[in-house]
Number of protein chains: 2
Amino acid sequence: MGVKESFLVKNKQITLDNIAEKIGVSCTTVSRVLTGQSKKYRISDRTTEIVQQTARDLGYVPDQLARALRTKRTNTMGLVIPDISNPFFSTIARNIEIQARKVGNSIILADSQEDTQLEIESIRLLQSRKVDGLIVCPVGEESAHLKDIVNSGLPLVIIDRYFTDLDCAYVVSDNYHGALEAVEYFFQMNHRSIGYIQGRVNTSVNSERIRGYRDAHARFGQAVDESLIVGDSFGKRNGYIGAKILLAKSPRPTAIFAASNLISLGAMTAIQEEGLKIPEDISIISFDEQPYSEYLATPMTTVAQQTSETGEIAFKLLQSQIQNEGSPTTEGIILPTELVFRKSVKQLKHPT
Amino acid sequence: MGVKESFLVKNKQITLDNIAEKIGVSCTTVSRVLTGQSKKYRISDRTTEIVQQTARDLGYVPDQLARALRTKRTNTMGLVIPDISNPFFSTIARNIEIQARKVGNSIILADSQEDTQLEIESIRLLQSRKVDGLIVCPVGEESAHLKDIVNSGLPLVIIDRYFTDLDCAYVVSDNYHGALEAVEYFFQMNHRSIGYIQGRVNTSVNSERIRGYRDAHARFGQAVDESLIVGDSFGKRNGYIGAKILLAKSPRPTAIFAASNLISLGAMTAIQEEGLKIPEDISIISFDEQPYSEYLATPMTTVAQQTSETGEIAFKLLQSQIQNEGSPTTEGIILPTELVFRKSVKQLKHPT
DNA sequence: TATAATAGGACAAACGATTGTGCAATGCAA
DNA sequence: TTGCATTGCACAATCGTTTGTCCTATTATA
């Protein structure tokens, strides 16, 4: 008997009071022992010992809700990401989570689906859950809601995309130099007609890359053909459409610079459909190094970003902001990229 | 003046009491209005209106911590994943999060790094945060801690890997038929010496796939060469090592069945190093369809799993369990796989 | 011996919300 | 005018912790 109940009834939570009552002390004392303040409040060694023992026996585990309500600290951080299924972001997320849990913090994850409205709602939800801080990879076109957060004093770190008018810590890749280097490489290989399939316009990521693209042209004394800049999102479909447009031009550009891993995948479909070969007929460089990059039909030359580092640094920035509350650390960290040379770029005999 | 302070001082939180005081009612009334219980408690229309208006004016947002402490419901679920950077898992995670937020729930994410100990600690942390339920993709070799959860009455849904001795809801792929179909296909293409690079042993995923592998052999009246079953984890390195071993055998197997996307990537490195071509020299089928599968040097024949559906179903199962508390729904859902034919399997002239 | 100092811990008020119950005022019927 | 329902809301406890303060012995000091 009792067996049935024990199956149906949820285990009752053990509280400080339970422990206190069981050994005949006050719940204050128990709290102080279990939070390691025995000395500070002169709890005798004997009592301390007993409290710890019974806490262990009863399997006491502190209620973080109650604790947070009182202390105003949840040890929880919010993470807002435009698309967690994208390995670029999930790698960042992973490293954030790993660092966080090392110090007993948890991550509440929100996927904004590249939608500013959802981003705003997600952030509101996270705030109502009283996260200690926020790491946001913003959709990137609007920043008013982020400015509100900064003003509210809630620690915030922006990753991947940032806003020049937002006074807030961030960690991003050096998109300018990444693009510059890639496009210069195209030039060195004698390419002169280089299409750029861009990502979401009006994001810092995109603007910086375009700036690199333009400066590379400038360095080689070549005017930018504006019609070679196409596209409007970081997704695969945009890559397909962008490539279709570029490949239909005549003369056809000899090279394509793709602004993301998904864009280059989409572009490859278009290239296949047109019966073209990489790099014989068309060269390509893609932003974002991926585990599969070297195994593609033509191993892909890529601009690698430091994803693990991004996550780790973002976390540490946020944590320090949370700890020194009051002093809003607004350092911006820019991580270098690396051009990974493979086989997707053809060396042309003459500048073309 | 005051400007400086407004920058340094965190915005004070608006509480029910603030609202109540401002309009001269009790905080009880405010609570009842804002939780939509005006009628039930006969709050006059006038009062209701005023309360709502001031709540809006003050920008009131309920403190989910306090609410949860009282109601015993956090509207938060825990999600434990062995490796969130793996697109297979991150796709599942994404769909869980999207479904969850649609109904105002949040997801606390934990990455167990394929380590049972970390899995246990993560779960403990989530429990202390009073999640309403748990979705766990277990490392897979131990289930005692999961059994504890089931017994404690905390709603739990297992995904991807399950335990036959665990009475708990789950949603997994039909790994048996997935493997069966793949290996049968090898046989139909006249392969008779088929290596299997397995994942983590003692996981249901792995056992089921091996069972499929064996049954395919049985159906074609062929004994299984146990030395062709190699490997012990789902990672890339294991794929590399496993392939090295298989390729070193003589006679060399004509085909490799890889138990995960990462395993096949690793295997491809080994295959390249040996100077072999897919599928001319060696055929390969990989578990896990990926966005890049069709773009590989040789487009990869894969066993596709329904990742989005897995996430969505897992969430719904958990939600229903949370809502009908008491009746532990222990349905198990098995999702069919699909063999995606591409070019990585060669048709042999004669059974070899 | 009187007094101060110290040791060891208890009380009770928070934190912000929810909720069972109680209470005054009004309306209505008798 | 009395009695009873109904309307409209307030009281106060509660969820589990934390924390400033206060209290009572005991010991040490003068």
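- Side chain of A:Asp132 to main chain of A:Met77: no donor-acceptor pair is present (N/O by atom type, distance under 3.5 Å, no hydrogens or angles).
- B:Thr310 pairs by the side chain to side chain contact (heavy atoms under 4.5 Å, CB included) definition with B:Ile92, B:Ile159, B:Val171, B:Leu335, not counting sequence neighbours.
- Within residues 54-68 of chain B, no residue approaches DNA chain D, by heavy-atom distance under 4.0 Å.
- At the phosphate of D:dG16, neither OP1 nor OP2 sits under 4.0 Å from any side-chain N or O atom of B:Lys130.
- No side-chain heavy atom of A:Ser106 sits under 4.5 Å from any side-chain heavy atom of A:Gln64.
- In this structure, B:Lys102 does not pair ionically with B:Glu312, as no charged nitrogen and carboxylate oxygen lie closer than 4.0 Å.
- For the pair A:Gln13 CD and D:dT14 P, the computed distance is 17 Å after rounding to whole Å.
- Evaluation of the side chain to side chain donor-acceptor pair (under 3.5 Å) test over residues 24-34 of chain A, restricted to residues two or more places apart or in two chains, returns A:Ser26-A:Thr29.
- B:Val150 approaches B:Asp167 most closely through the heavy-atom pair CG1-O, 3.7 Å.
- If you take CD1 of A:Ile14 and C1' of D:dC15, they are 16 Å apart, rounded to a whole angstrom.
- At distances below 3.5 Å, not a single donor-acceptor pair connects side-chain atoms of B:Ser122 with backbone N or O atoms of B:Ser112.
- A heavy atom closer than 4.0 Å to some atom of DNA chain D occurs in B:Gly24, B:Val25, B:Ser26, B:Thr28, B:Thr29, B:Arg32, B:Tyr41, B:Arg42, B:Ile43, B:Ser44, B:Thr47, these being the qualifying members of residues 21-49 of chain B.
- Running 5' to 3' along DNA chain C, contacts with non-hydrogen atoms of chain A at under 4.0 Å begin and end at C:dA7 to C:dG16.
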Can I get a per-line list of side-chain donor-acceptor pairs under 3.5 Å for residues 136-149 of chain A, giving both atom names and the distance, sequence neighbours left out?
residue: A:Glu141; atom: OE1; partner: A:Arg200; partner atom: NH2; Å: 3.3
residue: A:Glu141; atom: OE2; partner: A:Arg200; partner atom: NE; Å: 3.4
residue: A:His145; atom: NE2; partner: A:Glu119; partner atom: OE2; Å: 2.7

Run the side-chain contact (heavy atoms from CB on, under 4.5 Å) test on B:Leu317 and B:Phe315 for me, step by step, so that the C-alpha distance in whole Å, both residues' side-chain angles and the decisive distance to 0.1 Å come before the verdict.
CA-CA 5 Å; B:Leu317 242 41; B:Phe315 172 77; over 6 Å; no
Under the side-chain contact (heavy atoms from CB on, under 4.5 Å) criterion, do B:Asp160 and B:Phe89 qualify, and how do the steps go?
CA-CA 9 Å; B:Asp160 189 45; B:Phe89 291 122; 3.9 Å; yes
